[in-house]
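Below is one structure, written out as structure tokens; comments come after it.
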Amino acid sequence: MNNFIIKEIINDINKGFPVYKLKFRFAPEPNGVLHIGHLKAIYINFYLAKYFKTKIYLRFDDTNPKNENIYFVNNIINNIKWLGFKYNKITYTSNYFDILYKMAVNMIINNKAYIESINKKKIYDIDKILFIFNNMKIGRYNNNDFVLRAKTINNLPNYHIKDPIMYRIIKKKHYRTNYKWCIYPTYDWAHGQSDYIEKISHSLCSIEFQNHKPLYNWFINNIYNKKYNIYKPKQIEFSRLNISNTITSKRYLNILKKKKIIKNYKDPRLMTLNSLIYKGYNPKNLIDFIKKNGFTKRNTNITIDEFNNYIKNKIINKTKIIMGVRKPIMIILKNFYKKKYIYINNSYKILISKKIYIEEEDFCIKHNSNFFRLSFKNYVRLKYYYPIKAYKIKINKYGKKIIYCNIYKYINTNKIKSTIQWVSSINKKNMYINDYKYIYINNNKLFNCNSLNKKKIIIDKYLYNNLKLNNNYQFLRIGFFNYCKINNFIKIFYFKKKY
RNA sequence: AGACUCGUGGUGUAAUGGUUAGCACUUCAGAUUUUGAUUCUGAUAGUUAAGGUUCGAACCCUUACGAGUCUACCA
């Protein structure tokens, strides 16, 4: 792999940064589950640590107790374990609350911070600031009464991040520190400082933090202490992975959950890691997909089709092929006399009988030169069996079509263009496909919210006995599925139809 | 509206001022095929624009245009 991040790090090494001092971190906030987009940040950090043979921490950036909890912490740990990445240490920003507080007091003493009240009144007197700041800490005030702001005046090119808030009052139980703190540091104040405390060398983040970079450096310069760590961490931003027609935003994922559009985060319509695990994706394939798309600063837009196509090419030769019929239409094989077993790949057998089912759409009454499957003119092969051709159609008393066909064992099969799947009528087993469309968001509106539904599919009973849970299967000419629970397949994706 | 960042075929990504701008996917055509899948062969298609510096520019400079992000007591 070759990208601007590696080049920049190698450049730092060439300028004298010692390789053994390189250190990386993946720093999610435990306020939601990870999705395919996070994988990009996870991968690059773990890759760099491996590449340079240095350390990497998993840091939970838990600076805001509002939506954080231990469930998300454990979920993230489990997801990373599933991906197969190994970190040296788990750390928490909340471990640094004391030291961050002391640093903030120092900032106040050095005239680098001030207090602002709810009615925008600014307080610059150092003794007063220290007094109020302490009262904020011990809970003398209500939420929003005061904030501590950094005094960056005119130092930074981007005026929007001037005088950022360092501390705000949030009177809420923190999942790790309980009620110890009534004030919590903001991202801007906590993140770079945590990097410095942990001696992270390169702090990789997604592109939306680039506006904060001058501030990141400003704060670091203010707390810099040569005796503790002579190297300042460096923020490098890369563009995030945007996949169209899906949701890669923690906020919206949480909204879906709150609105009960999804029951849980492994809902197949999502691209959360939980969902991808549930659907039986191989972590290596996901990582290869990330790798393939690379790391740059420009904004990208990858479609879900590209993702599916990439995965398809990875798994197509490794996935067992089975036959299933979704909308059955009955076929009677005229010159068929005795039911028999067909052995498939020496691994299981299926039954063929006089009456079988095929897909309704694999038969066409009207002849059409673009139609290669069963008709009165076309021969079509039955998979694992012989060619057939229709000669008669009847409607039974329930109004259902029954097609009568002849088997042609000895004709030249060279010109037969199509092979179709089938299931014996006397050995069928009803199963279900959990079908869905991706939920996505456009202009703040959610689409495909009620897109999860069950569809029937029939398969051979003997095949049924051979299915293994949590295995991927290819339904011949339909698509890829994970056998996720008894009698249920979950769609991974369908083949694209060309007809 | 401003600040910051970024503009390479349809998409993603290489080319660190030096061959004819490379690779992969998509699309299209042909071959193979008991999956209209896969595989194989081939084709189409690109440096946002204009100017400047240079023997030489995708790369450096200027301007314009376009896109993304931010302008939160979220991260």
Side-chain angles (χ1 to χ4, degrees), chain A residues 1-4 7 10-11 27-32 60-64 66-68 93 116 118 136 143-149 156-162 164-170 183-191 205-215 237-242 244 249-251 254 289-303 305-307 309-310 312-313 315-317 319 321-323 362 370-373 380-387 413-414 416-421 474-480 494-499:
Chain A
M1 203 167 69
N2 186 21
N3 60 48
F4 81 101
K7 282 176 197 165
I10 288 176
N11 192 27
E29 187 192 10
N31 67 344
F60 289 99
D61 205 8
D62 48 2
T63 56
N64 186 341
K66 273 182 187 164
N67 298 309
E68 293 165 1
T93 302
E116 187 181 80
I118 193 164
M136 284 164 68
N143 289 347
N144 305 335
D145 278 356
F146 295 99
V147 292
L148 183 74
R149 280 184 183 276
L156 298 170
N158 189 348
Y159 73 90
H160 292 295
I161 51 172
K162 266 181 201 163
I165 290 171
M166 294 168 69
Y167 276 96
R168 71 281 211 218
I169 301 169
I170 302 174
I183 52 171
Y184 289 91
T186 57
Y187 168 88
D188 283 318
W189 172 240
H191 199 91
C205 62
S206 50
I207 204 86
E208 66 264 31
F209 292 104
Q210 63 192 5
N211 293 350
H212 297 243
K213 192 172 185 166
L215 186 60
E237 314 87 9
F238 58 87
S239 72
R240 47 194 303 159
L241 181 72
N242 294 315
S244 67
S249 146
K250 272 186 190 172
R251 216 184 104 229
N254 291 341
F289 176 73
I290 298 292
K291 227 193 274 187
K292 166 196 170 271
N293 282 300
F295 291 82
T296 61
K297 281 196 174 198
R298 69 187 92 121
N299 29 307
T300 63
N301 206 3
I302 295 163
T303 64
D305 285 341
E306 269 181 83
F307 173 74
N309 189 61
Y310 184 82
K312 178 181 80 180
N313 288 331
I315 66 174
I316 191 155
N317 292 320
T319 317
I321 297 168
I322 59 178
M323 293 200 289
D362 284 343
N370 289 329
F371 186 79
F372 304 155
R373 290 156 286 153
V380 69
R381 280 187 216 91
L382 293 176
K383 180 79 177 173
Y384 307 121
Y385 200 61
Y386 296 104
T413 60
N414 289 350
I416 298 175
K417 278 193 173 173
S418 193
T419 302
I420 59 171
Q421 74 270 30
Q474 183 198 144
F475 269 120
L476 190 75
R477 307 202 309 125
I478 297 175
F480 292 86
Y494 290 130
F495 284 119
K496 260 196 206 164
K497 268 190 188 171
K498 286 192 175 172
Y499 49 87

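Predicted, not measured: the structure shown is a model, and the values here were computed from it. Quick note on labels: first sequence line is chain A, next is B, and so on, each numbered from 1.
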Taking only N/O atoms, report every protein-nucleotides 66-68 of chain B pair under 3.5 Å with atom names and distance.
unit_1	atom_1	unit_2	atom_2	d
B:A67	O2'	A:Asn299	ND2	2.8
B:G68	O4'	A:Asn299	ND2	3.2
B:G68	N2	A:Gln210	NE2	3.0

Practice task
Take atom OH of A:Tyr310 as the centre, draw a 6.0 Å sphere, and report whether it contains more than 12 heavy atoms from other residues, nucleotides or ligands.
Solution key: yes

Exercise for the section: Check whether more than 12 heavy atoms from other residues, nucleotides or ligands sit under 6.0 Å from atom NZ of A:Lys417, and answer yes or no. Expected result: no

Exercise for the section: Indicate, with a heavy-atom threshold strictly under 4.0 Å, whether A:Ser239 touches base, sugar-phosphate, or nothing. Expected result: nothing

Rounded to whole Å, how long is the line connecting atom [atom1] of [X] with atom [atom2] of [N]?
X	N	atom1	atom2	answer
A:Tyr310	B:G12	OH	P	17 Å
A:Phe4	B:A15	CZ	C1'	17 Å
A:Phe307	B:U26	CZ	C1'	17 Å
A:Phe289	B:U13	CZ	P	11 Å

Side-chain contact test, heavy atoms from C-beta onward, threshold under 4.5 Å: evaluate it for [X] versus [Y] and give yes or no.
X	Y	result
A:Ile322	A:Phe475	yes
A:Ile316	A:Phe480	yes
A:Thr419	A:Tyr385	no
A:Ile321	A:Gln421	no
A:Tyr499	A:Phe372	no
A:Pro164	A:Leu215	yes

Please give the distance between the [atom1] atoms of [N] and [M] as a whole number of Å.
N	M	atom1	result
B:A37	B:G18	C1'	46 Å
B:G36	B:G30	C1'	16 Å
B:U53	B:U26	P	45 Å
B:C23	B:U19	P	16 Å
B:A43	B:U48	C1'	27 Å
B:A50	B:A58	P	13 Å
B:G9	B:A45	P	14 Å
B:G51	B:C59	P	14 Å

[X] side-chain N/O to [Y] backbone N/O, donor-acceptor pair under 3.5 Å:
X	Y	value
A:Ser418	A:Val380	no
A:Thr319	A:Gln474	no
A:Arg168	A:Pro185	yes
A:Ser239	A:Ile207	no
A:Arg373	A:Ile420	no

Smallest separation among heavy atoms of [X] and [Y], with atom names:
X	Y	answer
A:Phe295	A:Ile290	CZ-CG2, 4.2 Å
A:Ile165	A:Thr186	O-OG1, 2.7 Å
A:Ile416	A:Arg381	O-NH2, 3.3 Å

Exercise for the section: Treat primed atoms plus P, OP1 and OP2 as sugar-phosphate and everything else as base, then score nucleotides 29-38 of chain B 5' to 3': B for base contact with protein heavy atoms under 4.0 Å, S for sugar-phosphate contact only, - for none. Expected result: -----BBBSS

Practice task
Could I get the full list of side-chain contact (heavy atoms from CB on, under 4.5 Å) partners for A:Asn31, not counting sequence neighbours?
Solution key: A:Glu29, A:Asn67, A:Glu68, A:Lys250

Problem - Structure string for RNA chain B in dot-bracket form, Watson-Crick and G-U at under 3.5 Å, | interchain - result: (((((((..((((....[...)))).(((((.......)))))....(((((..]....))))))))))))....

Exercise for the section: Give a yes/no on whether any side-chain N or O of A:Lys7 is located under 4.0 angstrom from OP1 or OP2 of B:A15. Expected result: yes

Protein-nucleic acid N or O pairs under 3.5 Å, nucleotides 8-11 of chain B:
unit_1	atom_1	unit_2	atom_2	d
B:U11	O2'	A:Glu306	OE1	3.3
B:U11	O2'	A:Glu306	OE2	2.9

When you compare the protein's N or O atoms with those of nucleotides 72-75 of chain B, which come within less than 3.5 Å of each other, and at what distance?
unit_1	atom_1	unit_2	atom_2	d
B:C73	N4	A:Asn144	O	2.8
B:C74	OP1	A:Lys66	NZ	3.3
B:C74	OP2	A:Arg168	NE	2.9
B:C74	OP2	A:Arg168	NH2	2.6
B:C74	O3'	A:Arg168	NH2	3.2
B:A75	OP1	A:Thr63	OG1	2.9
B:A75	OP1	A:Arg168	NH2	2.7
B:A75	OP2	A:Tyr187	N	3.0
B:A75	O3'	A:Asp61	OD2	2.8
B:A75	N6	A:His212	NE2	3.2

